[in-house]
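Data first, discussion second: the structure below is written as structure tokens.
Counting convention: from 1, in listed order, for ligands and their atoms alike.
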Amino acid sequence: MMKSKSLKEIKNRDQVSTLVHTFYEKVRKNPVLGPVFNGIVDDWNIHLERLTDFWEMVLLHSGPGAGKFSPVPVHKEVDEKMNHQVHEAHFSTWLALWFETLDSLFEGEVAEYAKQHAHKMGHILFFKIMEGRKLKL
Ligand code: HEM
């Protein structure tokens with residue numbers, strides 16, 4: 001039986017790299033997220049390599065990512081750089097683009113886990129940003 005789409009399972013770093021590159025292409029063009037990312041990230045090659053390390057670590061438990069990331073302070077800083085204007089729409093848009101990218105390229109357990117993990121991280125990051133703002137008042 002032929003499948004209508006030739007979606008693959010995520011099995012190696014090259015595929016994670018494709019996922020990350022395709023996702024940030026969309027992010028950079030997006031009216032809600034584009035201005036944020038283009039304003040903060042100055043070297044896209046470094047950012048894409050770093051985020052490939054992150055997702056390779058999370059999804060495949062391999063690569064040089066272990067111990068290298070601290071997403072909570074990083075996103076609190078992003079909120080500061082944006083004069084505390086990060087809101088829920090940034091997170092819902094981020095997740096919609098992430099899901100859309102995954103669904104267009106991959107299938108299987110690892111791809112599903114990538115959605116779940118980002119969804120959970122989104123909640124934690126948003127909560128921590130809000131919590132940090134409150135403590136400052
Ligand atoms: C929804 C789930 C999200 C996940 C899983 C996620 C994940 C990450 C990770 C792993 C990093 C690298 C952290 C590090 O370098 O230690 C990062 C960086 C970054 N994220 Fe997110 N993120 C999410 C949402 C968002 C949102 C909504 C925004 C915008 C409001 C955002 C803006 C950024 C920016 C600008 C950077 C780069 C910061 C820098 O290089 O200085 N992220 N993100």
- [ ] May I ask you to check whether Ser70 has an N/O atom sitting below 3.5 Å from an N/O atom of ligand 1?
- [x] yes
Task: Distance, nearest 0.5 Å, that separates CE of Met57 from CH2 of Trp55 - done: 9.0 Å
Open item on the list: Return all protein N, O or S atoms below 2.8 Å from atom 21 (Fe) of ligand 1, chain by chain in residue order.
Closed with: His75 NE2
Give the numbers and elements of all ligand 1 atoms closer than 4.0 Å to a heavy atom of [X].
{"X": "Gly122", "result": "1 (C), 2 (C)"}
{"X": "His90", "result": "27 (C), 30 (C)"}
{"X": "Phe54", "result": "10 (C)"}
{"X": "Leu51", "result": "9 (C), 10 (C), 11 (C), 12 (C)"}
{"X": "Met121", "result": "5 (C)"}

Task: Sequence neighbours excluded, every pair satisfying salt bridge (charged side-chain N to carboxylate O under 4.0 Å, His left out) that has a member inside residues 114-124 - done: Asp103-Lys115, Glu112-Lys115
Task: For atom 41 (O) of ligand 1, closest protein heavy-atom neighbour - done: Ile40 CG2, 3.9 Å
Open item on the list: Restricting to side chain to side chain donor-acceptor pair (under 3.5 Å), what partner residues turn up for Asn30, sequence neighbours left out?
Closed with: none
Task: For Glu49, all residues meeting salt bridge (Lys or Arg N to Asp or Glu O under 4.0 Å), sequence neighbours excluded - done: Arg13
